[in-house]
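So the structure is just underneath, and the comments pick up after that.
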Amino acid sequence: MLRYVIRRVLYAIPILIGVNLLTFALFFVVNTPDDMARMQLGVKRVTPEAIENWKRDRGYDKPLVLNSAATGFAKVTDTIFWNHSARLFVLDFGKAESDGRDIRHQIATRMGPSLAIALPVFLVGMATYITFALLMALLRATYLDFSGVVLCVAAMSISSMFYIIGGQYLVSKLWNLVPISGFAGDLSAWRFMILPVAVGLLGGFGESSRWYRTIFLEEINRDYVRTARAKGLPEGRVLIHHVLRNALIPILTGAVVAIPTLFLGSLVTESFFGIPGLGSYTIDAISSQDFTVVRSMVFLGSILYIVGLILTDISYTIVDPRIRFE
């Protein structure tokens with residue numbers, strides 16, 4: 001197992017290098033530092049002197065990859081790639097271009113509010129969706145199952161924006177039950193979390209429940225389930241101890257997608273509810289064209305996704321002892 005984990009970590013290195021090179025090309029080759037300066041200073045009536053001053057203040061006046069005017073290691077280190085992209089590998093994100101704040105400090109500060117919203121949505125949602133899908137599988141080919149599928153399709157057809165705007169108008173403005181937006185850093189934060197968590201649960205209800213139902217129905221038709229029924233086991237025990245247990249691998253695989261979201265936050269939800277998390281931080285950076293923050297969040301998201309893949313592969317051996325990594 002240890003050898004497998006080390007091998008997967010080593011495999012992740014070229015992937016991160018590829019992500020880094022791709023983001024570097026997008027931000028500094030396709031979109032040159034001159035274009036970045038014009039977008040920050042204003043496209044109209046911007047002088048070449050102002051562009052050069054903006055680039056010099058932020059270190060964008062250097063060569064991209066190779067500095068032929070320098071000597072020794074400075075040929076590589078005195079470049080835009082080294083100062084703005086290579087340092088991401090040691091999690092040195094630098095400072096934001098818009099306000100000059102340290103990005104790593106902002107990430108550490110904003111990760112808490114993002115987790116406060118995303119973690120309950122993930123845990124409660126998994127339990128709710130799986131339970132509802134098991135009920136539909138238990139009552140398969142009945143009117144209740146058909147009604148559940150119709151409900152899931154209807155929920156999938158409704159945009160998450162409807163839940164957000166409708167929830168803010170109905171629950172916060174008309175009923176005045178919870179604050180419409182904002183976040184508190186103390187124990188009273190739960191008042192601000194109720195509505196975003198409820199919106200997150202409703203937004204993923206239809207798609208997730210229907211997907212889990214499909215997985216369970218595929219497992220129900222397998223030979224080991226028919227054998228369990230032939231032994232006289234009740235249908236509920238068959239679903240819990242056999243179908244659910246053998247369906248954990250695709251469930252874990254699907255849960256990997258949510259791991260970066262737990263830490264990086266939900267872009268739309270945090271923006272509409274005024275939650276100072278990483279999702280709203282990314283949206284604000286895109287709006288203000290702060291490319292340093294956007295590059296940092298893209299790189300951090302790729303790291304979290306790779307970590308999620310490794311943890312998922314390790315968890316396979318826990319839920320299915322037949323799997324061994326040689």
Side-chain angles (χ1 to χ4, degrees), residues 5-108 110 260 263-264 267 278 281-310:
V5 174
I6 295 175
R7 188 164 64 248
R8 287 300 304 269
V9 171
L10 295 177
Y11 288 161
I13 295 177
I15 297 176
L16 290 177
I17 293 176
V19 171
N20 192 290
L21 292 175
L22 180 61
T23 54
F24 175 79
L26 291 175
F27 282 100
F28 295 108
V29 178
V30 177
N31 186 51
T32 64
D34 289 343
D35 298 331
M36 297 164 58
R38 290 188 182 94
M39 285 186 287
Q40 287 286 340
L41 300 174
V43 179
K44 298 181 179 179
R45 298 181 182 179
V46 57
T47 63
E49 292 78 10
I51 293 176
E52 292 300 323
N53 292 334
W54 186 92
K55 290 164 57 180
R56 184 170 53 253
D57 293 339
R58 291 157 178 80
Y60 292 152
D61 58 330
K62 304 179 185 298
L64 289 178
V65 179
L66 184 64
N67 191 346
S68 58
T71 58
F73 288 107
K75 288 181 175 292
V76 178
T77 58
D78 193 22
T79 59
I80 293 179
F81 176 77
W82 182 269
N83 293 326
H84 294 278
S85 289
R87 67 183 184 184
L88 294 177
F89 287 104
V90 294
L91 300 182
D92 182 9
F93 301 119
K95 295 184 178 180
E97 296 173 356
S98 56
D99 53 14
R101 296 182 180 180
D102 185 71
I103 297 177
R104 184 162 55 183
H105 175 72
Q106 289 293 312
I107 291 175
R110 294 172 176 267
F263 293 91
L264 300 181
L267 302 179
L278 294 178
Y281 187 50
T282 305
I283 289 292
D284 293 340
I286 295 174
S287 301
S288 61
Q289 298 174 352
D290 195 325
F291 302 102
T292 304
V293 175
V294 177
R295 288 197 310 271
S296 301
M297 299 307 295
V298 170
F299 189 77
L300 180 60
S302 63
I303 293 177
L304 294 175
Y305 190 77
I306 292 173
V307 171
L309 290 176
I310 296 175

Next item on the list: Please determine, by modelled atom types, if Y60 and E97 share a side-chain donor-acceptor pair under 3.5 angstrom.
Entry: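 A pair is found: one side chain offers a donor N or O, the other an acceptor, under 3.5 Å apart.
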Note to self: Between D35 and T32, do the side chains contain a donor N or O and an acceptor N or O under 3.5 Å apart?
What the structure shows: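 Indeed, the side chains of T32 and D35 share at least one donor-acceptor pair under 3.5 Å.
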Check: Hey, are D78 and K62 close enough for a salt bridge, meaning a charged N less than 4.0 Å from a carboxylate O?
Finding: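 Between K62 and D78 there is a salt bridge, with a charged N closer than 4.0 Å to a carboxylate O.
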Is the shortest side-chain heavy-atom distance between [X] and [Y] below 4.5 Å?
| X | Y | value |
| --- | --- | --- |
| F81 | L66 | no |
| I80 | P33 | yes |
| L88 | S296 | yes |
| I303 | L16 | yes |
| V65 | W82 | no |
| T282 | V293 | no |
| T292 | R58 | no |

Next item on the list: List the atom of N20, the atom of S85, and the distance in Å for their closest heavy-atom pair.
Entry: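 For N20 and S85, the tightest heavy-atom pair comes out as ND2-O, 2.8 Å.
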Checklist line | Shortest non-hydrogen contact from I103 toward A96 | finding: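 I103 and A96 have their closest heavy atoms at CG1-N, 3.6 Å.
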Item checked: Ring centroid separation F299 to F93 under 6.0 Å ->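 Ring centroids of F299 and F93 are no less than 6.0 Å from each other.
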How long is the gap from [atom1] on [X] to [atom2] on [Y], to the nearest 0.5 Å?
| X | Y | atom1 | atom2 | answer |
| --- | --- | --- | --- | --- |
| L91 | L300 | CG | CG | 7.5 Å |
| I107 | D102 | CD1 | CG | 9.0 Å |
| I286 | F291 | CD1 | CZ | 10.5 Å |
| D99 | Q106 | CG | CD | 6.5 Å |
| R101 | Y281 | CZ | OH | 8.5 Å |
| L309 | L304 | CG | CG | 11.0 Å |

Checklist line | Within 45° cone of F27 ring axis and under 6.0 Å: R295 NZ or CZ | finding: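 Pair R295/F27 counts as cation-pi.
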Notebook entry, point to check: Quick check: does any side chain N or O of N67 sit under 3.5 Å from a backbone N or O of V76, one acting as donor and the other as acceptor?
Noted result: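 Flag not set: sc N67 to bb V76 has no pair under 3.5 Å.
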Margin query: A quick test of your reading: do over 12 heavy atoms of other residues, nucleotides or ligands sit less than 6.0 Å from NZ of K95?
Written below: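 No, not enclosed.
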Notebook entry, point to check: CZ of R87: more than 12 outside heavy atoms within 6.0 angstrom?
Noted result: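 Counting other residues, nucleotides and ligands, CZ of R87 exceeds 12 neighbours.
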Check: Parallel under 30°, tilted from 30 to 60°, perpendicular over 60°: which one fits the rings of F28 and H84?
Finding: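 Ring orientation, 0 to 90° scale: tilted.
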Next item on the list: Report the C-alpha separation of V9 and I310 in whole Å, then their side-chain angles, then the decisive distance to 0.1 Å, and conclude whether the side-chain contact (heavy atoms from CB on, under 4.5 Å) test is met.
Entry: CA-CA 8 Å; V9 171; I310 296 175; 4.1 Å; yes
